[in-house]
Amino acid sequence: MSENVVQLHKPTDPPAPDVAPTVLTVVPDTPPARPVPLWVRSGRAVKTAVTHESTRATVRAAARHASYTFNGGRIVARRAWDGRTGARYERMIRTAEAAGNLEAAEEWEERLTRFRAARHHRRMDLLHSPVEAAKGAAVGAGMSVGVLVALGVVMALNTHHVGDVITPLSATIDFIALLIRIVHIVWGPALTIGPFLALLALWSVGRKQQAAPAWALPANVRSGEGEPITPSIVVKALRDLGVPALRSAIKEMGDAGASMLGPIRIAGCGVEVDVTLPSGVSTIEVQNRRRKLAENLTRHEHEVFITIPQAARTVRLWIADSGALDEPIGPSPLVTDDTLTADYAKGKAPWGQDLRGDAAALSLYQRHLLITGLSNQGKTAALRALALWASLDRRVEFRIADLKGVGDWAMFDGLATVLIQGPADEQVIEATEMVESLVEEMNRRIEARRRDPEAVFAPLIGIVDEAQVAFMCPVKDEDGRPYGGSKATSRYFMAVRKVHNQGRAVDVILWEGTQDPTDQNLPKLVREGAHTRASLALGTESQARMALGDKAVDGGAAPHLLRQGLDKGTLVVASDGIEIPAGQASITVRTHYIDDDAAVAITERAKALRDGVTTLHAVDRGEEHDPLADIAAVIGDAPRVRTQEVITRLAALNADAYSGWSFIDLKRVLDAAGAEPYKSDGRMVVGRDRVARALAERDTDGSISASE
């Protein structure tokens, strides 16, 4: 190891020339400790003292209580000034003028005039009060002396002592002297303690108003968690929003800025308030600063909703209680009430709760439906909840294409007449043919309505979940027509458009669920054809406009501001089928979640309401068909099925062969086979046993008929 040679000597004495220097061998691994300068040690001590938590707490407490006292004095002085002058009325006049409310300004000006007149009368009365007070004192003293003397005369007559005449008067004089002595004793300490009591009163006023800098307030006050919403908090939040015109208007209003606010109403798990903005401030300026407004209100962005009511220059704020939106809303009535039934035409599906905490129910009657949102946000669960309710109406028929194919709709097997599951091109082709069968059934019903204007049809609901898979499918048929796409040659697109155009008139309804809406996977004509449009969390405002339309987004709908992954099942709805507050274009709904086990239980109840449904897992469009065998297939295990239901199922089975069938066609085939329809409970039905016996007899004879 190398060695270092160091010469040691006193710093003040140079080494003598004839003396050899002292040699010291120092190991580099252990360098000598250098003394720390005193000023460095002092600086470190100061820094440690300043950054120590107890020191900072002491500084905050001192600043807080000093601010309480000082600002409490300002508050008391302001109140006294307002009470003695017309400053309050003048502020209210400026506020009304800034808001453009001239009637209110005139009313406050009249109140100011009355206040000044009353104050003038009081001041004039003070000019005469000393003389009146002196006269009153003289008269009062004379009467008091007379009463005391009279009382003394009575006492003297009673005791026969002349000296008792002045006894009451002398006793009164002694009592007055005692009061003077008490005041003389107390006056000194009162002068000493009085200022401290006054400071304590000012401190109490400032403490009650939290009149101190935010950094000096206690931690629980600074956090603002759970802080109730008051007019002053809302006004301060708007003032600090960063809108110069709004800040200037509120500054002109002074403390009366709260006059912009309507009443603060409890609304579910939060509060609601209407804010009338001053002239020169637009509602869009407030909407674009939602996050800052929420932070000013000590809330998260998702806990503040801004909508535009009918009143001009007005925004409606809904402010949630801290953390309330992260709590579940409870189970669906479909799960808790096993006696619940549905009425497609007159009833409403229990879907969830709005932000007020009120039940949100949606009417499905003759309304095409579109639900969109990012993946894994609860789209299928929200769509399925509506179908589960509608299934409790035994008249409703379902044809379902689940292009996700993971079993989300498996419980509808035995309930839906068509159930297609899978994401492959083959399932897209079948889903397209299913929607085309809806078009065929729609045309058949329209033709029947022409022949009989009073004809009534059972509701037929077609559901395509993950519809973007169908729109994006590149496969073409044998004629070169694509199944997907958004052009007039697209089979799926054109079938959807036809159902949207005329289906609702004959109760043929289409529901679609799709992810991440764009012009490619959700064409404009399709999304605008839906009467009910709902959206879960989305990525951008442009997607929100595609999902809900410009009117809803301009009115405050903001599904793009919902939190992905945290606001599952929360959707924004634009529809006339749900109750929306007056003046708003949309409503936010937190939907009930129904798990698979509960969904299976509900569909079992729905199946018990029906005679039995044979579910087809593919749409058969082959040219060869056997009408009698097909009738037996669609009847399934049910002992009997209404003739109209048989015709509907046949059309779903093979639209090319049966879409134009009527009761006469069905009766012709059954009569020829010896399985004639008959009446049961006043309705024409087809008996399973009759059809099975006819098939058995025909097969025994070796005569198997084929289609024409």
Side-chain angles (χ1 to χ4, degrees), residues 328-354 358-371 373 378-402 408-419 457-465 504 507-513 530-534 536 568-571 573-580 587-610 613 615:
I329 64 172
S332 169
L334 295 173
V335 177
T336 58
D337 185 1
D338 56 6
T339 64
L340 187 67
T341 59
D343 187 339
Y344 162 80
K346 299 179 181 179
K348 290 187 176 183
W351 211 6
Q353 293 181 1
D354 61 15
D358 299 330
L362 179 68
S363 173
L364 307 177
Y365 180 62
Q366 294 185 346
R367 290 180 176 88
H368 301 301
L369 175 68
L370 172 65
I371 297 181
K379 176 181 71 279
T380 298
L383 188 62
R384 190 176 69 180
L386 298 176
L388 289 171
W389 177 82
S391 70
L392 297 177
D393 186 338
R394 64 189 307 271
R395 301 169 300 170
V396 177
E397 177 191 352
F398 293 98
R399 300 181 188 179
I400 302 173
D402 175 16
D408 289 335
W409 296 87
M411 67 286 302
F412 280 82
D413 193 356
L415 182 59
T417 54
V418 176
L419 179 58
F457 307 102
L460 173 58
I461 298 178
I463 301 175
V464 181
D465 197 7
R504 63 178 298 272
D507 278 313
V508 177
I509 307 301
L510 181 63
W511 297 355
E512 291 182 288
H531 304 97
T532 295
R533 300 168 70 172
L536 294 111
K568 285 186 177 182
T570 299
L571 44 76
V573 186
S575 171
D576 61 350
I578 192 170
E579 186 176 352
I580 297 178
I587 187 172
T588 302
V589 177
R590 303 172 67 198
T591 59
H592 297 294
Y593 175 69
I594 303 176
D595 59 29
D596 290 346
D597 293 338
V600 169
I602 295 170
T603 53
E604 290 300 322
R605 288 160 44 198
K607 293 173 185 177
L609 299 174
R610 290 164 170 79
V613 175
T615 299

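By convention here, the first residue in the shown sequence is residue 1.
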Trainee: Testing the 3.5 Å rule here: is there a donor-acceptor pair between the side chains of Asp507 and Tyr365?
Mentor: no
Trainee: Under 4.5 Å between any side-chain heavy atoms of Ser575 and Leu362, yes or no?
Mentor: yes
Trainee: For the residue pair Ser391 and Val396, establish whether any side-chain heavy-atom pair is separated by less than 4.5 Å.
Mentor: no
Trainee: Mind running side-chain contact (heavy atoms from CB on, under 4.5 Å) on Leu392 and Leu334 for me, showing each step along the way?
Mentor: CA-CA 10 Å; Leu392 297 177; Leu334 295 173; 3.8 Å; yes
Trainee: Look only at the side chain of Asp354 and the backbone of Thr588, and say whether a donor-acceptor pair between them is shorter than 3.5 Å.
Mentor: no
Trainee: Heavy-atom distance under 4.5 Å between the side chains of Leu364 and Trp511, does that happen here?
Mentor: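 Side-chain contact under 4.5 Å: yes.
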Trainee: For Ala598 versus Val335, what's the shortest heavy-atom pair and its separation?
Mentor: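 It is CB-CG2, 3.9 Å.
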Trainee: Walk me through whether Leu383 and Ile463 qualify under side-chain contact (heavy atoms from CB on, under 4.5 Å).
Mentor: CA-CA 9 Å; Leu383 188 62; Ile463 301 175; 3.9 Å; yes
Trainee: Rounded to the nearest 0.5 Å, how far apart are CD of Gln353 and OG1 of Thr570?
Mentor: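 One gets 11.0 Å once the value is rounded to the nearest 0.5 Å.
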Trainee: Mark yes or no for whether His368, through its side chain, and Leu510, through its backbone, hold a donor-acceptor pair below 3.5 Å.
Mentor: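 Yes, the answer is positive, given that a donor and an acceptor are paired below the 3.5 Å cut-off.
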Trainee: Is any side-chain heavy atom of Thr532 less than 4.5 Å from a side-chain heavy atom of Ile371?
Mentor: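 Thr532 vs Ile371: side chains apart.
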Trainee: Say whether, by atom type as modelled, one donor and one acceptor occur between the side chain of Arg394 and the main chain of Leu609 under 3.5 angstrom.
Mentor: yes
Trainee: I'd like to know if the side chain of Arg605 reaches the main chain of Val600, judged simply by a donor and an acceptor atom lying under 3.5 Å from each other, with no hydrogens or angles considered.
Mentor: no
Trainee: Rounded to the nearest 0.5 Å, how far apart are CG of Leu536 and OG1 of Thr591?
Mentor: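 Output value for this atom pair is 7.0 Å.
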Trainee: Would you say the side chain of Glu512 lies within less than 4.5 Å of the side chain of Leu369, judging by non-hydrogen atoms?
Mentor: no
Trainee: If you look only at pairs with a residue in residues 594-604, which of them pass as a salt bridge (charged side-chain N to carboxylate O under 4.0 Å, His left out), with sequence neighbours excluded?
Mentor: Arg384-Asp596, Glu604-Lys607
Trainee: Applying side chain to side chain donor-acceptor pair (under 3.5 Å), can you list everything that pairs with Tyr593, at least two apart in sequence or on another chain?
Mentor: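 Tyr593: no side chain to side chain donor-acceptor pair (under 3.5 Å) contacts found.
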Trainee: At their closest point, which heavy atom of Ile509 faces which heavy atom of Gln366, and how far apart are they?
Mentor: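 Nearest pair, atom of Ile509 first, then Gln366: CD1-CA, 3.5 Å.
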Trainee: Is the shortest side-chain N to carboxylate O distance from Asp343 to Arg395 below 4.0 Å?
Mentor: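 Result for this pair is yes, salt bridge flagged.
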Trainee: Decide yes or no for Leu388 and Ile594: does some side-chain heavy atom of the first lie under 4.5 Å from some side-chain heavy atom of the second?
Mentor: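 With C-beta onward as the side chain, the pair touches.
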Trainee: List for me each residue that meets ring pair (Phe, Tyr, Trp, His ring centres under 6.0 Å) alongside Phe412, sequence neighbours excluded, and say none if there are none.
Mentor: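 Scan of Phe412 (ring pair (Phe, Tyr, Trp, His ring centres under 6.0 Å), adjacent residues dropped) gives Phe398, Trp409.
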Trainee: Can you name the nearest heavy-atom pair linking Thr615 to Gly414, along with the distance?
Mentor: OG1-N, 2.6 Å
Trainee: Which pair of heavy atoms, one from Pro350 and one from Ser332, lies closest together, and at what distance?
Mentor: O-OG, 4.4 Å
Trainee: What verdict does the side-chain contact (heavy atoms from CB on, under 4.5 Å) test give for Ile587 and Glu579, after you've listed the backbone C-alpha separation in whole Å, the side-chain angles of each residue and the deciding distance to 0.1 Å?
Mentor: CA-CA 8 Å; Ile587 187 172; Glu579 186 176 352; over 6 Å; no
Trainee: Could you tell me which non-hydrogen atom of Met411 sits nearest to which non-hydrogen atom of Ala599, and how far apart they are?
Mentor: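 Met411 and Ala599 have their closest heavy atoms at CE-CB, 3.9 Å.
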Trainee: Could you tell me if the side chain of Ile461 sits less than 4.5 Å from the side chain of Glu397, heavy atoms only?
Mentor: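 The answer is no; the side chains never approach within 4.5 Å.
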Trainee: What are the two closest heavy atoms between Val573 and Ile580, and how far apart are they?
Mentor: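 Smallest heavy-atom distance, with atoms named: O-CD1, 4.2 Å.
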Trainee: Once you round to the nearest 0.5 Å, how far does CG of Asp402 lie from CG of Leu419?
Mentor: 7.5 Å
